[in-house]
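So that we are looking at the same thing, I have put the structure below in structure tokens.
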Number of protein chains: 2
Amino acid sequence: MSEAPPEGLFLIIEDDALFGRVLARALARRGHRVALAATVEEALRLAPELAPERVVLDLNLAGASGLPLIAPLLAIVPECRIVVLTGYASIATAVEAIKLGATHYLAKPADVDAILAAFAPQPPGTQAAPPAQPLSVRRLEWEHIQRVLAEHDGNISATARALRMHRRTLQRKLMKRPVRG
Amino acid sequence: MSEAPPEGLFLIIEDDALFGRVLARALARRGHRVALAATVEEALRLAPELAPERVVLDLNLAGASGLPLIAPLLAIVPECRIVVLTGYASIATAVEAIKLGATHYLAKPADVDAILAAFAPQPPGTQAAPPAQPLSVRRLEWEHIQRVLAEHDGNISATARALRMHRRTLQRKLMKRPVRG
DNA sequence: CCCCTGCGCGACATTTTGTCGCACCCGCGC
DNA sequence: GCGCGGGTGCGACAAAATGTCGCGCAGGGG
């Protein structure tokens, strides 16, 4: 077990134990070797010894963002490909993640095939087509909030002030899942 | 304020002539030199001679995607920073754009300050948050609605469908005054 | 003339806010 | 240790905003 992985090992960094195990099992069933980490610390502890080839990284790890994990992971295992998977997807964090070196960024729910596909190197000629419809008002609001929130380093109070909205309201909006569209 | 030197030339690649000119004027008023291109061809023709330092790139250029422009632009002017600005934002195209080398990706109702900020290096919590006051959620919503409404030639029903909001709600929002801030 | 679509608006049940208040953590200077 | 200032999470409740239904009315085809 302590040998260098001959075949690509998956490291799933996932807060939600249930989801993590389901994903792990699904990947294992497809013949992949899988490891699971539930916290930032655990991930950083496991990464050096496992040297995972592919990482599925959840953001929102017990309240802490998973974004800051990307750089350290790449420092430890430069070759590894990291796919970010989050239930609170936003353009702001997507841009950040990719800039930090993530391979791809997916919104939950995402099926296993989509996750695996995200690791695959650029399927040729796969230019993402712009959506036919503009963002819904709700979605746009979510994106804007995420952007401003990021600008304020996740400080909810400061963000609420910047957006001139009540902190309580912002809290509530952040708890909800981003609407699709 | 240590403003960026007026050296850097902006190249705005924008389909919508009105929006393009407004943006160009806003940037010019802040002491930047600005050029405007309305099509992919024009952009590629202008890029070599202008060697823009910063590019504002709209996706949806007369139906064609602006994404394929990123690579050629970077090939022509390797140093230039490209901010994608689109009215049809999506996480998928955002990821694509960043992977292709774009500096940032913004959804369209974006004020000039946000656009300028997007060119700044920033990531690891550098300088204290610039006093750039983001648009309030209300204001953002208003701008977005107006944009989509214009795209649908003032058709309220169609706009409501596009925004996936109830026509009655849209009517009510339109009756109110354009909130500011 | 009928049908379809868009517009404006009343009425009413739901949701979402705005607002207060309170408890609980820090980090900091005294 | 202690008080203070700021941030966070969350309950409670009244005040708005929104979702929904349902008219009536206006064009424009077929």
Side-chain angles (χ1 to χ4, degrees), chain A residues 15-17 38-41 58-69 86-90 92-93 96 108 132-181, chain B residues 107 109 122-181:
Chain A
D15 180 42
D16 176 356
T39 68
V40 173
E41 295 71 34
D58 184 21
L59 299 187
N60 297 92
L61 292 167
S65 172
L67 277 182
L69 254 181
T86 174
Y88 295 76
S90 74
T93 53
E96 264 312 297
K108 280 185 195 173
Q133 289 203 315
L135 278 70
S136 71
V137 173
R138 301 264 169 142
R139 183 70 202 192
L140 184 73
E141 178 186 64
W142 170 267
E143 296 296 349
H144 189 238
I145 287 176
Q146 292 299 321
R147 212 172 68 70
V148 177
L149 186 60
E151 270 174 15
H152 290 259
D153 305 305
N155 184 324
I156 296 179
S157 295
T159 303
R161 280 196 296 272
L163 293 174
R164 276 145 297 177
M165 80 169 28
H166 203 284
R167 179 175 69 88
R168 191 75 184 83
T169 302
L170 180 56
Q171 276 186 319
R172 285 193 280 234
K173 281 183 187 295
L174 288 174
M175 286 200 283
K176 290 182 210 157
R177 294 244 159 168
V179 281
R180 288 203 172 274
Chain B
Q122 56 80 18
T126 23
Q127 307 81 18
Q133 181 91 325
L135 283 77
S136 73
V137 175
R138 305 263 167 142
R139 178 70 188 198
L140 184 80
E141 178 184 68
W142 174 266
E143 304 273 2
H144 189 235
I145 287 176
Q146 292 304 321
R147 254 176 40 74
V148 177
L149 186 60
E151 270 177 21
H152 291 261
D153 306 304
N155 183 325
I156 296 181
S157 296
T159 303
R161 279 195 296 273
L163 294 176
R164 275 142 296 181
M165 75 168 32
H166 203 284
R167 179 174 69 89
R168 189 73 183 84
T169 302
L170 180 56
Q171 275 187 320
R172 283 193 282 237
K173 280 182 187 297
L174 287 174
M175 287 199 280
K176 291 183 210 154
R177 303 227 120 231
V179 279
R180 63 189 70 268

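In what follows, every chain begins at residue 1, and chains take the letters A, B, ... in the order their sequences are listed.
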> When the distance from NE2 of A:H166 to C1' of C:dT16 is rounded to whole Å, what number comes out?
Replying inline: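 After rounding, the reported distance stands at 14 Å.
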> On DNA chain D, which is the earliest and which the latest nucleotide, 5' to 3', with an atom closer than 4.0 Å to a heavy atom of chain B?
Replying inline: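 Range of nucleotides within reach of chain B: D:dT18 to D:dT20.
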>> Suppose we screen for salt bridge (charged side-chain N to carboxylate O under 4.0 Å, His left out). Which residues come up paired with A:R147, at least two apart in sequence or across chains?
In response: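 By the salt bridge (charged side-chain N to carboxylate O under 4.0 Å, His left out) rule, A:R147 matches A:E151.
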> If you take all heavy atoms of A:S136 and B:R164, which pair is closest and at what distance?
Replying inline: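 Scanning both residues completely, I find the closest heavy atoms to be N-NH2, 3.8 Å.
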> Considering residues at least two apart in sequence or located in another chain, which fulfil the side-chain contact (heavy atoms from CB on, under 4.5 Å) criterion with B:E143?
Replying inline: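 B:E143 satisfies side-chain contact (heavy atoms from CB on, under 4.5 Å) with B:P109, B:L135, B:R139 once adjacent residues are dropped.
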>> Can you measure B:M165 atom CE to C:dT15 atom C1' for me and round it to whole angstrom units?
In response: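 Between C1' of C:dT15 and CE of B:M165: 15 Å.
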Mind listing the N/O atom pairs, protein and nucleotides 6-10 of chain C, below 3.5 Å?
{"from": "C:dG6", "atom 1": "OP1", "to": "B:R161", "atom 2": "NH2", "distance (Å)": "3.0"}
{"from": "C:dC7", "atom 1": "OP1", "to": "B:I156", "atom 2": "N", "distance (Å)": "3.1"}
{"from": "C:dC7", "atom 1": "OP2", "to": "B:I156", "atom 2": "N", "distance (Å)": "3.3"}
{"from": "C:dC7", "atom 1": "OP2", "to": "B:S157", "atom 2": "N", "distance (Å)": "2.7"}
{"from": "C:dC7", "atom 1": "OP2", "to": "B:S157", "atom 2": "OG", "distance (Å)": "2.8"}
{"from": "C:dG8", "atom 1": "N7", "to": "B:R167", "atom 2": "NH1", "distance (Å)": "3.1"}
{"from": "C:dG8", "atom 1": "N7", "to": "B:Q171", "atom 2": "NE2", "distance (Å)": "3.3"}
{"from": "C:dG8", "atom 1": "O6", "to": "B:R167", "atom 2": "NH2", "distance (Å)": "3.1"}
{"from": "C:dG10", "atom 1": "N7", "to": "B:R168", "atom 2": "NH2", "distance (Å)": "3.3"}
{"from": "C:dG10", "atom 1": "O6", "to": "B:R168", "atom 2": "NE", "distance (Å)": "2.9"}

>> Would you say B:R138 places a side-chain N or O within less than 4.0 Å of OP1 or OP2 belonging to C:dG18?
In response: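 For C:dG18, OP1/OP2 do have a side-chain N/O of B:R138 under 4.0 Å.
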> Which heavy atom of A:T86 sits nearest a heavy atom of A:D58, and at what distance?
Replying inline: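 Where A:T86 meets A:D58 most closely, the heavy atoms are CA-OD1, 3.8 Å.
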>> So, using side chain to side chain donor-acceptor pair (under 3.5 Å) as the criterion, who are the partners of B:T169 when residues are at least two apart?
In response: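 Checked B:T169 against side chain to side chain donor-acceptor pair (under 3.5 Å); zero matches.
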>> Show the nearest heavy-atom pair for residues A:P68 and A:S65, with the distance to one decimal.
In response: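 Minimum heavy-atom contact is CD-O, 3.3 Å.
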> Quick one: bend of the helix from C:dC1-D:dG30 to C:dC30-D:dG1 from 5 pairs per end, to 10°?
Replying inline: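 So the angle between the two local helix axes works out to 30°.
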>> List the residues meeting side-chain contact (heavy atoms from CB on, under 4.5 Å) with B:R168, not counting sequence neighbours, and say none if there are none.
In response: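 Listed in chain order: B:H166, B:Q171, B:R172.
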> For A:W142 and A:A89, which heavy atoms make the closest approach, and how far apart are they?
Replying inline: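 Looking at all heavy atoms of both residues, the closest pair is NE1-O, 2.8 Å.
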>> Is A:T169 close enough to C:dT17 that one of its side-chain N or O atoms is under 4.0 Å from OP1 or OP2 there?
In response: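 No.
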>> Suppose we screen for side chain to side chain donor-acceptor pair (under 3.5 Å). Which residues come up paired with B:E141, at least two apart in sequence or across chains?
In response: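 By the side chain to side chain donor-acceptor pair (under 3.5 Å) rule, B:E141 matches B:K173.
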>> Restricting to side-chain contact (heavy atoms from CB on, under 4.5 Å), what partner residues turn up for A:V148, sequence neighbours left out?
In response: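 For A:V148 the side-chain contact (heavy atoms from CB on, under 4.5 Å) partners, ignoring immediate neighbours, are A:H144, A:H152, A:T159, A:A162, A:L163, B:P134.
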